[in-house]
Amino acid sequence: MLEIQYLRQNSSEAISRLTLKTPDAGELIAAVLKLDEEKRISQMALEEMQARINAASKETGDLYKAGKKQEADKMKAETASWKEELLKLEAAAGKAEQALFDQLTLLPNLPDKSVPPGRTPQDNLVVHEEGTVPQLPEGCLPHWDLAKKYKIIDFETGVKVSGAGFPVYTGKGARLQRALINFFLDKATEAGYTEIEPPILINEASGFGTGQLPDKEGQMYFSGQDKLYLIPTAEVPITNMYRDTILDEEALPVKNCGYTPCFRREAGSYGKDVRGLNRLHQFDKVEIVQIQHPDKSYQTLQEMRNYVAGLLRMLELPFRILKLCGGDMSFASALTFDLEVFSAAQKRWLEVSSVSNFETFQSNRMKLRFRQGKDKPRLAHTLNGSALALPRIVAALLENNQTPEGVRIPKALTAYTGFGYID
RNA sequence: GGAGAGAUGGCAGAGUGGUUGAAUGCGGCAGUCUUGAAAACUGUUUUACCCUACGGGUAACGGGGGUUCGAAUCCCUCUCUCUCCGCCA
């Protein structure tokens with residue numbers, strides 16, 4: 001949620017930034033400012049009435065205590081007559097505040113000034129490319145065929161047990177999942193992140209805090225009996241741990257990481273994009289989350305991006321980094337880098353990580369603040385990134401490392417898998 | 001699932017209709033004392049919003065609603081937490 005004070009004071013800057021994300025930025029912001037004005041007018045009227053009643057009530061009490069019953073009764077009657085007016089003012093102020101809040105929550109985050117213009121993924125900027133695409137032998141297979149050949153992922157049985165998008169990993173496939181999770185968690189810990197094992201069902205307030213609710217309701221699985229949502233990413237519980245808190249400045253940056261399964265309904269997806277491991281309803285991911293001082297958050301974003309790139313390097317996967325254009329960025333993000341690996345048999349780039357700075361967009365929803373000395377609390381900046389999402393990593397590992405002897409496991413992982421080849 | 005208890009400031013814990021935004025203790029911060037530290041003593045210590053603003057106002061004692069001139073305090077309702085029993089990884 002954007003900060004209303006900022007919008008009030010910097011409306012033209014806000015409009016130009018928001019235009020990177022949506023063409024009707026001007027109207028959106030104008031609507032918010034108008035509602036803000038109305039809200040303040042109704043608030044002033046209400047508070048004035050409340051002040052009158054408070055003063056009169058105090059006087060009434062004093063008069064009773066002084067034994068001046070007649071005067072007190074008279075004052076009481078007069079104050080009672082204001083009641084109807086007060087109720088009207090309360091209703092109007094409540095309505096105006098709600099209208100402002102509703103409009104404000106509709107606004108996406110303002111893109112950072114460095115965000116490239118554009119509406120579609122084609123407008124994303126490739127800012128880095130690294131590694132060599134392997135030359136695959138004749139008859140190389142896409143990962144779903146390799147998965148079958150080596151009996152490591154069973155898509156059909158997953159369909160039986162749950163449905164499409166819920167694969168079953170077996171044998172070395174399951175072991176590879178566990179190896180990757182442990183590898184990612186160990187690396188994150190070495191980089192100073194504290195490991196968290198969070199709940200994977202979250203309440204509505206948490207869904208609102210990180211920006212999934214109310215607008216992306218349909219993308220999460222929901223347990224209606226308990227009003228709990230299955231997390232689409234560990235970002236949600238790990239960031240919401242700090243909802244409604246004021247941190248000491250010295251506590252920054254907060255660096256947490258966590259492994260969780262992630263659940264996404266992915267309503268409306270179909271076709272080759274969802275083949276094999278490319279897009280699933282349930283998948284494993286290790287996430288890194290930071291809470292940082294506003295002055296340092298962009299430097300932190302850079303560090304997180306470099307950290308994730310380092311993981312891909314250790315896994316010996318060719319990758320590139322995209323700076324997302326305004327139109328392709330998520331609702332809550334101010335600047336996002338996507339990291340994609342090249343999956344050699346499919347011959348396509350697969351997004352395996354998204355690293356974002358949300359500035360105060362999430363912290364304003366969550367009331368996540370920090371305090372410098374004796375100053376008033378300020379909203380902190382929140383950041384997160386996948387480090388990493390497993391399925392597409394596995395897809396690329398399988399495809400890129402296929403040999404006549406089997407699928408070679410990168411050296412960095414063999415200590416975790418306990419085997420050098422899947423055969 | 002059954003029975004009961006509770007929800008107050010960073011924490012603990014008072015407060016059952018009128019200077020209670022809230023006693024007291026602990027913690028935190030500042031100061032006195034000390035070579036330094038501890039102890040002791042003194043002071044200080046919630047947050048949000050609004051207003052032509054070194055000042056003024058409003059709101060908040062789990063959420064929402066009600067009674068009243070006036071509610072942390074009374075009533076209704078929801079949520080959550082804890083304890084005991086049952087069930088269970």
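The structure displayed is predicted, hence computed values, not measured ones. Just so it is clear, the values below take in all heavy atoms, side chains as well, and ignore hydrogens, waters and symmetry mates. Proteins get letters first, then strands, A, B, ... in listed order; numbering begins at 1 in each.
Nucleotide U35(B): unpaired (no Watson-Crick or G-U wobble partner with both distances less than 3.5 Å). A30(B): Watson-Crick or G-U partner is U42(B), with both key distances under 3.5 Å. Under the Watson-Crick or G-U wobble criterion, with both distances below 3.5 Å, C84(B) is paired with G2(B). Across all strands shown, C49(B) forms a Watson-Crick or G-U wobble pair with G57(B), both key distances being under 3.5 Å. With both pairing distances under 3.5 Å, C11(B) is matched to G25(B) as a Watson-Crick or G-U wobble pair.
When distances run from any side-chain atom of Ile246(A) to the nucleotides U68(B), U47(B), C69(B), the shortest one goes to U47(B). Comparing G18(B), C49(B), U58(B) by their nearest atom to the side chain of Gln43(A) picks out C49(B). With C49(B), U58(B), G70(B) as the choices, the nucleotide that has an atom nearest any side-chain atom of Ile53(A) turns out to be G70(B). The side chain of Lys39(A) has C49(B) as its nearest neighbour among C49(B), A59(B), G57(B).
An OP1 or OP2 oxygen of C49(B) is reached within less than 4.0 angstrom by a side-chain nitrogen or oxygen of Gln5(A). Side-chain nitrogen and oxygen atoms of Asn54(A) include at least one within less than 4.0 Å of the OP1 or OP2 phosphate oxygen of U58(B). Phosphate contact (OP1/OP2 of A48(B), side-chain N/O of Arg369(A), threshold under 4.0 Å): present. In terms of phosphate contacts, Arg371(A) brings a side-chain nitrogen or oxygen within less than 4.0 Å of OP1 or OP2 of U47(B). For Arg40(A) and C49(B), the shortest distance from a side-chain N or O to OP1 or OP2 is not below 4.0 Å.
Ion pairing between a basic and an acidic side chain is recognised when a charged N comes within 4.0 Å of a carboxylate O; Lys172(A) and Asp423(A) show such pairing.
Using a distance-only test at 3.5 Å, with no hydrogens or angles considered, no donor-acceptor pair links the side chain of Asp73(A) to the main chain of Gln70(A). Counting only distance, with no hydrogens or angles, the side chain of Arg265(A) and the backbone of Gly218(A) share a donor-acceptor pair below 3.5 Å.
Rounded to an integer number of Å, the gap from OH of Tyr64(A) to P of U19(B) is 16 Å. Between the CG atom of Leu100(A) and the P atom of A48(B) there is a distance of 18 Å, given to the nearest Å.
Close placement of the Phe361(A) and Phe331(A) rings is indicated, their centers lying within 6.0 Å of each other.
The residue Arg378(A) sits apart from the nucleic acid: no heavy atom pair falls under 4.0 Å.
Between Phe263(A) and Tyr221(A), the ring planes are perpendicular. Angles over 60° get that label, and only those under 30° would be called parallel.
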